[in-house]
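Here the structure is laid out as C-alpha cells; the discussion comes afterwards.
Since the structure is predicted, the reported quantities are computational estimates derived from the model, not experimental observations.
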Amino acid sequence: MFRAELLKLRTTRTPWILGIVALAGMVLVQVLTIALPRILAGLEGMGGGATVGLQASPELTADLAPDLTGLTDLGSAAVQRAMLDLLGNGPAGSGSAGVSVICMLLLGVLAITTDFRTGGIVPTALVVPSRLRILAGKAGATAVVALVIGAALAVLTALGLFVAVASSPGAQLMVGAGDVLGVWGRGLVVLVLFAWLGLGIGTLIRGQVAAILVVVGLVVVEPLIQAAVVLLSGGTSSAAAWLPLGLGSLASTGQSATSVLGGLAPLGVGAAILGLVAWVAVALGSGAVTFRRRDLV
C-alpha cells in the first residue's frame, strides 16, 4: 500500500507544484534576509541616520534600531540559525506559517481529499479492505515526500547561509555542526508532522475545498489568537504557546511566537515537539475513526 500511494504522489502534479512553491518561498526568505541589512544601510544613508524608515522620528528610531540590528546581523548565531530553519519563518521566527508549512499542510490535505473527489478511494478500498492500512500507506507516502522536500530546503538554507557569511564583511560562521544538524533534523520532523496534520484534517473533513479552507483559516487565525491572548493577558498567559503553528516554530529553532509578541514562552523544544505530536494524534486519530465508520461515497 505504501508503494502504491508513493507512486500515486510521485506521478501527480500536486506534490511537485507544492515542492516548487516551498523551494521558491525559501529562496525568497533567504534573499530578503541577506538583502535587508543592505537596504537598512541604504535608508540610513538617505535618512540622516534613521534606520527604521525615511519618516521615522528619532524616538522611534532609538526604540526599534536595536531590534532591527539584532534581526539583520548576519554575523550573529541567532540569525544564522534562523536562516537554517526549514519552516522559512525568517529571522523574526514568528508564529505565522511560512510557505513550507502551508505546503506541507496542503500536501497532507490533497493526498487524501483528491481520492475522495475523484472516487479513487473506492477501488483502493476494494483492493485493500483495511482502511487503516490505506491511511497508514498515505501517511508513509506523505512523510517521504515531506522529507524529500525538506532535504531540498536544507540545501537552499545552507547555500543562503554561505552567501550571507561570504558577502558580509567581518561575518563568521557562528553555528557549529551540532546546531546545524539539530535545526535541520527538528525541521524535518516538524515538516512531516505538519503533513500528517493536513492528512488528518483532510481525512476528517473529506471535502477538498472545505479542508483547504480549514487550513487557510488555521494559518490566518492562529497568529491573531496569539496576539489577542498576549494583549488581553498583558503577556502573562502561555495558553497561545500550545497552538500548532507556534509549537512548530518553537520545535524547529527554539524561537517561540509568543515570546516574539512579548508573552511567556515556558515550553522547551522537546515539549513543543510533543505538543505538536498531540495535535497530529488528535487530528489523524479522529480522521481514522470517521474513515472506518463512514461510507466512502
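- Between the side chain of T142 and the backbone N or O of A139 there is at least one donor-acceptor pair closer than 3.5 Å.
- To the nearest 0.5 Å, atoms CZ (F194) and CH2 (W279) are separated by 11.0 Å.
- In this structure, T203 and A288 approach most closely via the heavy-atom pair CG2-N, 4.4 Å.
- Q30 places no side-chain N or O within donor-acceptor distance of the main-chain N or O of L156, the cut-off being under 3.5 Å.
- A donor-acceptor pair under 3.5 Å is absent between the side-chain atoms of E5 and the main chain of A141, judged by distance alone.
- A side-chain N or O of Q208 and one of T114 form a donor-acceptor pair less than 3.5 Å apart.
- More than 12 non-hydrogen atoms from other residues, nucleotides or ligands lie less than 6.0 angstrom from CZ of R294.
- Between A251 and A272, the shortest heavy-atom distance links the atoms N-CB, 3.8 Å.
- Minimum interatomic distance between M1 and I134 (heavy atoms only, all atoms of both residues): CG-CA, 4.0 Å.
- Residues L274 and V192 fall into different hydrophobic clusters, defined by Ile, Leu, Val, Met, Phe, Trp and Tyr side chains chained together at heavy-atom separations under 4.5 Å.
- When hydrophobic clusters are built by joining Ile, Leu, Val, Met, Phe, Trp and Tyr residues whose side-chain heavy atoms come closer than 4.5 Å, directly or via intermediates, I112 is grouped together with V122.
- Expressed to the nearest 0.5 Å, how far CG of L84 lies from CZ of R186 amounts to 10.5 Å.
- Minimum heavy-atom separation, G160 to I34: O-CD1, 3.6 Å.
- Remark: T113 OG1 to I212 CD1 distance equals 6.0 Å, nearest 0.5 Å.
- Enclosure of atom CE in M174 is not indicated, since only 12 or fewer non-hydrogen atoms of other residues, nucleotides or ligands lie within 6.0 angstrom.
- When all heavy atoms of L284 and W196 are compared, the pair lying nearest together is CD1-O, 4.0 Å.
- In terms of modelled atom types and a separation under 3.5 Å, the side chain of S168 and the main chain of V165 share no donor-acceptor contact.
- Summarising the geometry, atom OG belonging to S100 is positioned 6.5 Å from atom CG belonging to L87; distances are rounded to the nearest 0.5 Å.
- Residues T157 and D85 are not in side-chain contact: their nearest non-hydrogen atoms beyond the backbone lie 4.5 Å or more apart.
- The nearest pair of heavy atoms linking D115 to K8 is OD2-NZ, 2.9 Å.
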(request) Begin from the C-alpha positions of W184 and V189 and carry the test side-chain contact (heavy atoms from CB on, under 4.5 Å) through to its verdict. (result) CA-CA 9 Å; W184 282 347; V189 171; over 6 Å; no
Ignoring hydrogens and angles, write down the donor-acceptor pairs under 3.5 Å from the side chains of residues 213-221, residues two or more places apart or on other chains.
none

(request) Show your working on side-chain contact (heavy atoms from CB on, under 4.5 Å) between I149 and M104 and close with a plain yes or no. (result) CA-CA 9 Å; I149 295 175; M104 291 303 102; 3.7 Å; yes
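- With rounding to the nearest 0.5 angstrom, the OG1 atom of T33 is 9.0 Å from the CG atom of L28.
- Judged purely by atom type and a 3.5 angstrom limit, K138 uses its side chain to pair as donor or acceptor with the backbone of A111.
- Between atom CG of residue L105 and atom CG of residue L199 there is a gap of 11.0 Å, rounded to the nearest 0.5 Å.
- Of the possible polar contacts, one joining the T290 side chain to the G287 backbone as a donor-acceptor pair under 3.5 Å is found.
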